[in-house]
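The structure under discussion appears below in the form of structure tokens.
So that the names make sense, note that chain A is the first sequence line, chain B the second, and so on, each numbered from 1.
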2 protein chains.
Amino acid sequence: MNSSASTKERILTSAEALFAQRGFEGASLRQLTAAAGVNLAAVNYHFGSKEKLVEEVFKRRLDQLSARRLAALKQVAGQPETTLEDILAAFIRPALDLSHDGGGGLFMRVLARAFAEHDDSLRKFLSENYGHVMRQFTTEFARLLPHLSKEELYWRIDLVTGALTHAMSGFGIIQRKSDVSETTHREQTAAHLIRFSAAGLSAP
Amino acid sequence: MNSSASTKERILTSAEALFAQRGFEGASLRQLTAAAGVNLAAVNYHFGSKEKLVEEVFKRRLDQLSARRLAALKQVAGQPETTLEDILAAFIRPALDLSHDGGGGLFMRVLARAFAEHDDSLRKFLSENYGHVMRQFTTEFARLLPHLSKEELYWRIDLVTGALTHAMSGFGIIQRKSDVSETTHREQTAAHLIRFSAAGLSAP
DNA sequence: AAGGAAATCAAACGATCGTTTGAGCCTACA
DNA sequence: TGTAGGCTCAAACGATCGTTTGATTTCCTT
């Protein structure tokens, strides 16, 4: 393992990968610390408990994702020439980009898994810490889709989120072919998601 | 627990509920058998192992789901007056209906969770046992969407599946309000999904 | 260089996991 | 009614889990 990084960082990186592969319950601290090349007790020393470690893994990536989404949204929000596709790109592209840099690709599987685990405390955590991001996007969507009722809009944004999560979790039938670069595949995924979502959101 | 059902049935029912709540690794055989009101050893006696039990839980519901989907599709497939919404309804409604009868609602959380766990053996299992169902639906979609390339069509069906899975897993922001009956809420969910998906599939 | 806090380490803790065992129960068939 | 076989039961198995301990090492400050 990367011995130049700090023990804490190495634990976080290995934890993200192992949680994605085996789940939160399936990944043991012994596997995790062995992969990171650190002592077993280091997790409890640096994070307090396994549960706190899970929270840190989430926080590290979600903070990154939210910042990038808001930065992208800021460049197009409120402007009269902004299209629905622009807003969707600001929502979708930062998420897909996490798959590329810093090995954060595995995080999306972690997130998809956490969604499926349907934990109410996670729901609360997401709502409290990142609800304002969704609120800003919802405001922009509402501006561009004035014919939709609030409930109708909530529903459709939720379905876009579902499609995005599913695509990111990589479970679908669409697999990257060996003759397509990762960057190209990600760009194609974004294009498909944006086109599909824009049409779905615009449904009469 | 329902003491009239057989031990095997009681185990399957409790397993489905507990797997949905706590995951496959999180739900222990001791919790499971206690909830079912049967002896701990009954699982290994009747199913052989915990893993085999998981497979049985899947098979029981997926066989049901596939049969209902194909039955619904059969009534509209190939007919000239069939709309995209009809095909989508045959795809979506049986899945949502599982939430209603036989306590199968929890199963969809199990399935969503399994999707997120991203197990290759599960992917193979689904493809081998239920791939023909998706193939029949794809054929119908292709008939009604002749302007789409094969790859484009696969992508969009995949995104529909994502939206459906997300909605069924119940994690989204949309929660059933207490003054809306379960039946009504399900009908609204189906309507939103069908309208959104039809527009998404029909995107230029 | 000395001292002390921070970090790492091997080892062990109690709890819980899936599974197995072997004795007993119940039921159906002779 | 006797008995074989499917089934249930309490109990225990070894393995692994997250966590804690106390000694030791590392590193920074004075």
Side-chain angles (χ1 to χ4, degrees), chain A residues 1-60 106 110 113-114 116-117 119 121-122 125, chain B residues 1-60 106 110 113-114 116-117 119 121-122 125:
Chain A
M1 258 276 124
N2 182 0
S3 57
S4 69
S6 73
T7 296
K8 244 182 135 168
E9 282 296 324
R10 280 190 286 167
I11 290 174
L12 281 171
T13 301
S14 290
E16 187 173 64
L18 218 58
F19 287 157
Q21 287 168 21
R22 317 202 194 230
F24 303 116
E25 316 242 21
S28 74
L29 293 187
R30 282 170 180 81
Q31 297 171 338
L32 200 156
T33 50
V38 304
N39 188 270
L40 168 62
V43 169
N44 282 275
Y45 179 79
H46 285 285
F47 296 95
S49 68
K50 184 182 183 179
E51 196 179 326
K52 295 276 185 62
L53 170 61
V54 172
E55 287 180 18
E56 280 299 313
V57 169
F58 267 92
K59 215 173 125 34
R60 186 170 70 153
L106 294 171
V110 177
R113 186 186 280 270
E117 291 191 5
D119 191 333
S121 65
L122 169 66
F125 172 77
Chain B
M1 260 274 126
N2 182 1
S3 57
S4 69
S6 72
T7 297
K8 244 182 134 166
E9 282 296 325
R10 279 191 288 168
I11 290 174
L12 281 170
T13 302
S14 290
E16 187 171 64
L18 218 58
F19 286 157
Q21 287 168 22
R22 316 203 195 228
F24 301 117
E25 315 242 20
S28 74
L29 293 186
R30 283 171 177 80
Q31 297 171 339
L32 199 156
T33 51
V38 305
N39 187 270
L40 167 62
V43 170
N44 282 277
Y45 179 80
H46 285 286
F47 296 94
S49 68
K50 185 182 183 180
E51 196 179 326
K52 294 276 186 63
L53 170 61
V54 172
E55 288 181 17
E56 279 300 310
V57 168
F58 266 93
K59 218 177 124 30
R60 186 169 71 152
L106 294 171
V110 178
R113 185 186 281 268
E117 291 190 4
D119 191 332
S121 66
L122 169 66
F125 172 78

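For D/dG6, neither phosphate oxygen OP1 nor OP2 lies less than 4.0 angstrom from any side-chain nitrogen or oxygen of B/H46. At the phosphate of D/dT8, OP1 or OP2 sits under 4.0 Å from a side-chain N or O atom of B/T7.
In this structure, the side chain of A/E9 does not engage the main chain of A/S6 through any donor-acceptor pair within 3.5 Å. Panel note: side chain A/K52, backbone A/V43; no donor-acceptor pair is recorded below 3.5 Å.
B/N39 has its CG atom 5 Å from the P atom of D/dC9, to the nearest Å. Atom pair A/Y45:OH and D/dT26:C1' shows a separation of 11 Å (rounding to whole Å applied).
With contacts defined as side-chain heavy-atom distances shorter than 4.5 Å, the pair A/L29/A/N44 qualifies.
Of all the heavy atoms in A/E16 and A/R60, the pair that sits closest is OE1-NH2, 4.0 Å. In plain terms, the two heavy atoms of B/L32 and B/S14 that are nearest each other are O-CB, 3.9 Å.
Base engagement by A/A41 is indicated by at least one non-hydrogen atom pair under 4.0 Å involving a base atom.
Atom CZ of B/F24 is separated from atom NZ of B/K50 by 9.5 Å, given to the nearest 0.5 angstrom.
For A/Q31, the CD atom sits in a packed shell: over 12 heavy atoms of surrounding residues, nucleotides or ligands are nearer than 6.0 Å.
Residues from residues 51-60 of chain B that place a heavy atom under 4.0 Å from any atom of DNA chain D: there are none.
Residue B/V38 is the one, among B/V38 and A/R30, whose nearest nucleotide of DNA chain D lies closer to the 5' end (criterion: closest heavy atom).
Checked against side-chain hydrogen bond (donor to acceptor under 3.5 Å, both in side chains), B/K59 has the following partners two or more places apart in sequence or in another chain: B/D63.
Taking 4.0 Å as the cutoff to heavy atoms of chain B, we find the contact window on DNA chain C bounded by C/dC17 to C/dT21.
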